[in-house]
Amino acid sequence: MAQQKIDLEHLTEAVKAVAREAGGFLRSERKSFDRGRVEQKAAHDYVSYVDKASERMIVARLHDLLPEAGFITEEGTGAFGGEEYCWLVDPLDGTSNYIHDNAPYCVSIALRDRKEVLLGVVYECCRDELFWACKDGKAYLNDEEIHVSRVSELDQAFIELGFPYRAEDYREFALQVVRSFYGHVGGLRLMGAAAAELCYIAAGRFEARIEAFIGPWDIAAGHIILRQAGGRMTDFGGSPECLDAREVFASNGYVHDEILRQLRTQRDLLGEGQEMDK
Ligand code: LIP
């Protein structure tokens with residue numbers, strides 16, 4: 001049966017409303033958050049009842065919007081069985097920040113088909129910032145168009161680092177990244193919410209982000225928002241095929257090749273990591 005043509009602009013507006021609704025739920029629950037109800041998925045990898053409730057609500061809303069789509073979500077709600085369309089959802093990116101009442105934390109929702117990401121929405125709750133973009137469109141923060149910075153000199157670049165839960169596989173690489181860049185760039189920051197941080201590059205606040213061993217739900221929405229804002233995302237070898245999020249290097253494009261030259265030389269320091277659920 002011919003696949004239904006999707007009105008991406010109309011669908012993106014509906015997804016923005018879902019992200020705002022879920023973000024309002026996160027903010028509301030934060031006021032009475034019970035740290036006694038936090039589970040540990042793996043060492044230092046936490047999930048709370050709020051993550052799960054947010055995901056259930058988002059999946060229900062998205063299913064109503066596009067019943068034929070599958071789901072790849074951080075907490076496992078819904079399923080992906082090879083459908084033409086697939087939602088990628090992180091219901092609370094920045095979980096550890098949220099548990100400790102720190103910023104940023106956000107909702108990340110993306111839709112892809114078998115070829116590419118079609119739309120992405122990231123709602124960062126603490127600053128009430130809705131980042132969004134759809135295929136062949138511009139990137140926005142709330143109603144304002146956003147663009148990456150034009151910083152091209154490494155010593156002026158602000159770089160976001162992510163330290164994944166898989167410390168054993170990432171530690172040596174992470175330490176080498178700090179040795180390579182600390183004192184030689186504009187600044188390094190560790191913020192703990194990949195989806196929001198990719199949008200910060202799209203908005204021109206940072207120039208690059210480096211992390212490995214995260215989930216496709218962490219980066220899918222930020223990927224299209226960054227791309228439509230003029231940015232670039234590859235793995236540490238320079239391949240644009242990085243949506244499995246095993247290696248994620250994002251930038252404003254101007255500093256990409258110079259940083260990539262250093263990442264390539266350090267790549268063998270990465271452990272095996274484990275394949276994320278596709
Ligand atoms: C987080 C990512 C972050 C990474 C953390 C964690 P979560 O996602 O956004 O970049 O460093 O280890 O994976 O678990 O808060 O959704």
Side-chain angles (χ1 to χ4, degrees), residues 19 22-23 25-26 29-30 33 35 38-55 58-59 71-77 87-110 120-126 129 131 159-171 173-175 177-178 188-202 206 208-223 225-226 233 235-236 242-250 270-271 273-277:
F25 169 74
L26 298 179
E29 288 295 315
R30 181 52 252 175
F33 186 71
R35 283 181 67 166
V38 172
E39 298 164 39
Q40 192 161 237
K41 295 190 281 191
H44 314 119
D45 184 358
Y46 303 99
V47 61
S48 76
Y49 61 100
V50 176
D51 298 69
K52 293 177 179 178
S54 172
E55 187 168 285
I58 293 169
V59 166
F71 289 89
I72 293 175
T73 64
E74 177 161 21
E75 310 311 339
T77 311
W87 295 105
L88 293 104
V89 177
D90 190 338
L92 171 45
D93 186 42
T95 296
S96 295
N97 290 346
Y98 184 85
I99 290 167
H100 295 270
D101 201 10
N102 289 323
Y105 57 84
C106 60
V107 174
S108 181
I109 301 171
V121 175
V122 174
Y123 180 56
E124 200 287 313
C125 308
C126 305
E129 292 190 322
F131 299 90
I159 302 179
E160 301 157 325
L161 301 181
F163 284 5
Y165 300 120
R166 299 193 61 83
E168 294 313 311
D169 290 317
Y170 197 68
R171 181 180 293 109
F173 181 86
L175 295 176
V177 164
V178 173
L188 297 176
R189 294 292 185 272
L190 253 175
M191 290 178 278
E197 295 170 57
L198 293 173
C199 296
Y200 294 164
I201 301 172
F206 285 88
R209 188 177 199 277
I210 303 166
E211 188 168 11
F213 307 134
I214 47 181
W217 45 80
D218 286 315
I219 66 165
H223 179 253
I225 293 165
L226 175 64
M233 189 187 286
D235 65 13
F236 297 160
C242 59
L243 271 179
D244 65 354
R246 187 179 189 286
E247 298 171 1
V248 181
F249 172 43
L270 286 173
Q274 69 185 150
E275 281 306 303
M276 290 290 170
D277 296 338

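All values below were derived from every heavy atom in this structure, side-chain atoms included, with hydrogens, water molecules and symmetry-related copies excluded. Just follow the structure's listing: the first ligand is 1, and inside any ligand the first atom is 1.
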Inset, instruction - Before signing off on this row, confirm whether D45 and ligand 1 have an N or O atom pair separated by under 3.5 Å. - result: no
Inset, instruction - May I ask you to list the atoms of ligand 1 that are less than 4.0 angstrom from any heavy atom of F163? - result: 11 (O), 12 (O)
Legend entry - Close-contact set for ligand 1 against T95 heavy atoms, below 4.0 Å: 15 (O)
Legend entry - Where ligand 1 meets D90 - atom numbers and elements under 4.0 angstrom, heavy-atom basis: 16 (O)
Legend entry - Carboxylate-amine/guanidinium contact E197 R189, below 4.0 Å: no
Inset, instruction - Under 4.0 Å from a heavy atom of G94: give me the atoms of ligand 1 that qualify, with their elements. - result: 7 (P), 15 (O), 16 (O)
Legend entry - Intermediate values then yes/no, ring pair (Phe, Tyr, Trp, His ring centres under 6.0 Å), F131 and Y123: CA-CA 6 Å; F131 299 90; Y123 180 56; 9.4 Å; no
Inset, instruction - Using a strict cut-off of 4.0 Å, indicate which atoms of ligand 1 neighbour a heavy atom of R209. - result: 10 (O)
Inset, instruction - Assess D51 for proximity to ligand 1: is some non-hydrogen atom of it under 4.0 Å away? - result: no
Inset, instruction - Quick one: sort the F33 and Y98 rings into parallel, tilted or perpendicular, breaks at 30° and 60°. - result: perpendicular
Legend entry - Proximity flag E160 to ligand 1, non-hydrogen atoms under 4.0 Å: no
Inset, instruction - Return yes or no for this condition: an N or O of A194 is under 3.5 Å from an N or O of ligand 1. - result: yes
Legend entry - Residue and atom name of the nearest protein heavy atom (relative to atom 8 (O) of ligand 1), distance in Å to one decimal: D93 OD1, 2.9 Å
Inset, instruction - Would you tell me which option among Y105, Y46, Y165 has the nearest heavy-atom contact to atom 5 (C) of ligand 1? - result: Y165
Inset, instruction - Could you tell me whether R166 and E168 have a side-chain N and a carboxylate O separated by less than 4.0 Å? - result: no
Legend entry - Per-atom contacts of ligand 1 with P164, taking only distances under 4.0 Å to non-hydrogen atoms: 12 (O)
Inset, instruction - Flag E211 as yes when one of its N or O atoms lies below 3.5 Å from any N or O atom of ligand 1, and as no otherwise. - result: yes
Legend entry - Check: T95/D51 side-chain N/O donor and acceptor closer than 3.5 Å: yes
Inset, instruction - Please determine if A195 has a nitrogen or oxygen closer than 3.5 Å to a nitrogen or oxygen of ligand 1. - result: no
